[in-house]
Number of protein chains: 2
Amino acid sequence: MSPRKFLHPDAAELTLHRILFALSDPTRLAAVSELMDGAEHSSGDLLAQSVPRSTMTHHLKILREAGVTRTRPEGMRCLISLRRNDVDARFPGLLDAIMAHGRSGRSADSRAAAS
Amino acid sequence: MSPRKFLHPDAAELTLHRILFALSDPTRLAAVSELMDGAEHSSGDLLAQSVPRSTMTHHLKILREAGVTRTRPEGMRCLISLRRNDVDARFPGLLDAIMAHGRSGRSADSRAAAS
DNA sequence: TACGATGTACGACGAACACCGTACATTATC
DNA sequence: GATAATGTACGGTGTTCGTCGTACATCGTA
């Protein structure tokens, strides 16, 4: 087995609706927002939000399979980075336009009915 | 009852992830693509694609509830239009960046370099 | 009033998603 | 080898989505 093996879609296979879906979740949006600095971040690094590890793995998988991120095993960690070149090549300006608002896109979403 | 009544979210309530989700489906992407001309289109007009009316109604509802479109009853038809101003005001450049690729968001390389 | 056209509302179904806990694999260190 | 740390894989549950058929409401017209 190879639990340290990740499948990434080819750059030419990226589809717009898949990418948009990958970014249509607050948790994933926040993760990508962190990755916008161009650096590699470990899964635990992105895990700043209060969500279990297994849940984060799930979101990271969706991001990866949409072709938005690349995951690379490094030692006992996984380093995740944005596939900026690939995404930009196929959809110029898309990532920037979306992530320009990635931080503030959570205004009145607080549907959290009290507590 | 008021089957001719539609609820639209307030402009200030639009959220990025909701909009991205609304655009994360090929059928809806195609519909919005048609609406990019700024004109009002009837539901049947958008229905060019081979999908049942009820399915289209569903997609239009998602678009409407995300704040992407506005639906207005007109005679025996419904006229749908893009809420360009509202979306642009809240997320400048987002719609243009996404819809610039709305047509080619298919599969493999469609290197149509726009023109 | 009756009819046809347009589009919604409702219910149903299968598939995919979001979430989580737990177990396992991998790596580094002792 | 034993241990701890990191993160995945594997279920499981509940929800939502995408799809469709059918029934109903509305409007325009005969």
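Letters A, B, ... mirror the listed sequences (proteins, then strands); counts begin at 1. The structure displayed is predicted, hence computed values, not measured ones.
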Task: Val87(B) side chain reached by Leu82(B) side chain, heavy atoms, under 4.5 Å - done: no
Open item on the list: Could you check whether any side-chain heavy atom of Arg72(B) comes within less than 4.5 Å of a side-chain heavy atom of Glu74(B), counting everything from C-beta outward?
Closed with: yes
Task: Contact under 4.0 Å: Thr57(A) side-chain N or O vs dT8(D) OP1/OP2 - done: yes
Closest non-hydrogen atom pair between [X] and [Y], with its separation:
{"X": "Arg77(B)", "Y": "Ser42(B)", "answer": "CD-CB, 3.8 Å"}
{"X": "Ile98(B)", "Y": "Leu94(A)", "answer": "CG1-CD1, 3.6 Å"}
{"X": "Ala97(B)", "Y": "Gly93(A)", "answer": "CB-O, 3.9 Å"}
{"X": "Arg18(A)", "Y": "Glu65(A)", "answer": "CD-O, 4.3 Å"}
{"X": "Leu14(B)", "Y": "Ala66(B)", "answer": "CD2-O, 3.5 Å"}
{"X": "Ala31(A)", "Y": "Leu63(A)", "answer": "CB-CD2, 4.5 Å"}

Can you sort out the partners of [X] under side chain to side chain contact (heavy atoms under 4.5 Å, CB included), two or more places apart, ordered by chain and number?
{"X": "Ala39(A)", "answer": "Asp37(A), His41(A)"}
{"X": "Ala89(A)", "answer": "none"}
{"X": "Thr71(A)", "answer": "Phe6(A), His8(A), Arg64(A), Cys78(A), Ile80(A)"}

Only pairs under 3.5 Å count here: list side-chain donor-acceptor contacts from residues 54-62 of chain A, not counting sequence neighbours, and write none if there are none.
residue: Thr57(A); atom: OG1; partner: Arg53(A); partner atom: O; Å: 3.2
residue: His59(A); atom: ND1; partner: Arg28(A); partner atom: NH1; Å: 3.1

Write down the distance between [atom1] ([X]) and [atom2] ([N]), rounded to a whole number of angstrom.
{"X": "Lys61(A)", "N": "dC20(C)", "atom1": "NZ", "atom2": "P", "answer": "17 Å"}
{"X": "Phe6(A)", "N": "dT26(C)", "atom1": "CZ", "atom2": "P", "answer": "12 Å"}
{"X": "Arg53(B)", "N": "dA5(C)", "atom1": "CZ", "atom2": "P", "answer": "10 Å"}
{"X": "Glu74(B)", "N": "dC27(D)", "atom1": "CD", "atom2": "C1'", "answer": "11 Å"}
{"X": "Leu47(A)", "N": "dC19(C)", "atom1": "CG", "atom2": "P", "answer": "13 Å"}
{"X": "Arg77(A)", "N": "dA28(C)", "atom1": "CZ", "atom2": "C1'", "answer": "11 Å"}
{"X": "His17(B)", "N": "dC17(C)", "atom1": "NE2", "atom2": "P", "answer": "17 Å"}
{"X": "Glu65(B)", "N": "dT16(D)", "atom1": "CD", "atom2": "C1'", "answer": "13 Å"}

Task: DNA chain C contacts among residues 38-46 of chain B, heavy-atom distance under 4.0 Å - done: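 Nucleic-acid contacts, sorted: Ser42(B), Ser43(B), Gly44(B).
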Task: Listed partners of Asp10(B) passing side chain to side chain donor-acceptor pair (under 3.5 Å), at least two apart - done: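 Residues passing side chain to side chain donor-acceptor pair (under 3.5 Å) with Asp10(B): none at all.
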- [ ] Would you please name every residue forming a side chain to side chain donor-acceptor pair (under 3.5 Å) with Arg70(B), sequence neighbours left out?
- [x] none
Task: Counterpart residues, salt bridge (charged side-chain N to carboxylate O under 4.0 Å, His left out), relative to Asp88(B) (two or more places apart) - done: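 Partners of Asp88(B) under the salt bridge (charged side-chain N to carboxylate O under 4.0 Å, His left out) test: Arg84(B).
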Open item on the list: Below 30° counts as parallel, above 60° as perpendicular, anything between as tilted: where do the rings of Phe21(A) and Phe21(B) land?
Closed with: tilted
Task: Axis bend over the full length of the helix from dT1(C)-dA30(D) to dC30(C)-dG1(D), computed from five pairs that close each end, to 10 degrees - done: 10°
All N/O pairs under 3.5 Å across the protein-nucleotides 17-20 of chain D interface:
residue: dG18(D); atom: OP1; partner: Arg28(B); partner atom: NH1; Å: 3.4
residue: dG18(D); atom: OP1; partner: Arg28(B); partner atom: NH2; Å: 3.1
residue: dG18(D); atom: OP2; partner: Arg28(B); partner atom: NH1; Å: 3.0
residue: dT19(D); atom: OP2; partner: His59(B); partner atom: NE2; Å: 2.6

Output a table of nitrogen or oxygen pairs between the protein and nucleotides 12-14 of chain C separated by less than 3.5 Å.
none

For nucleotides 2-5 of chain D, list the nitrogen or oxygen atoms of the protein found under 3.5 Å from its nitrogen or oxygen atoms, one pair per line.
none

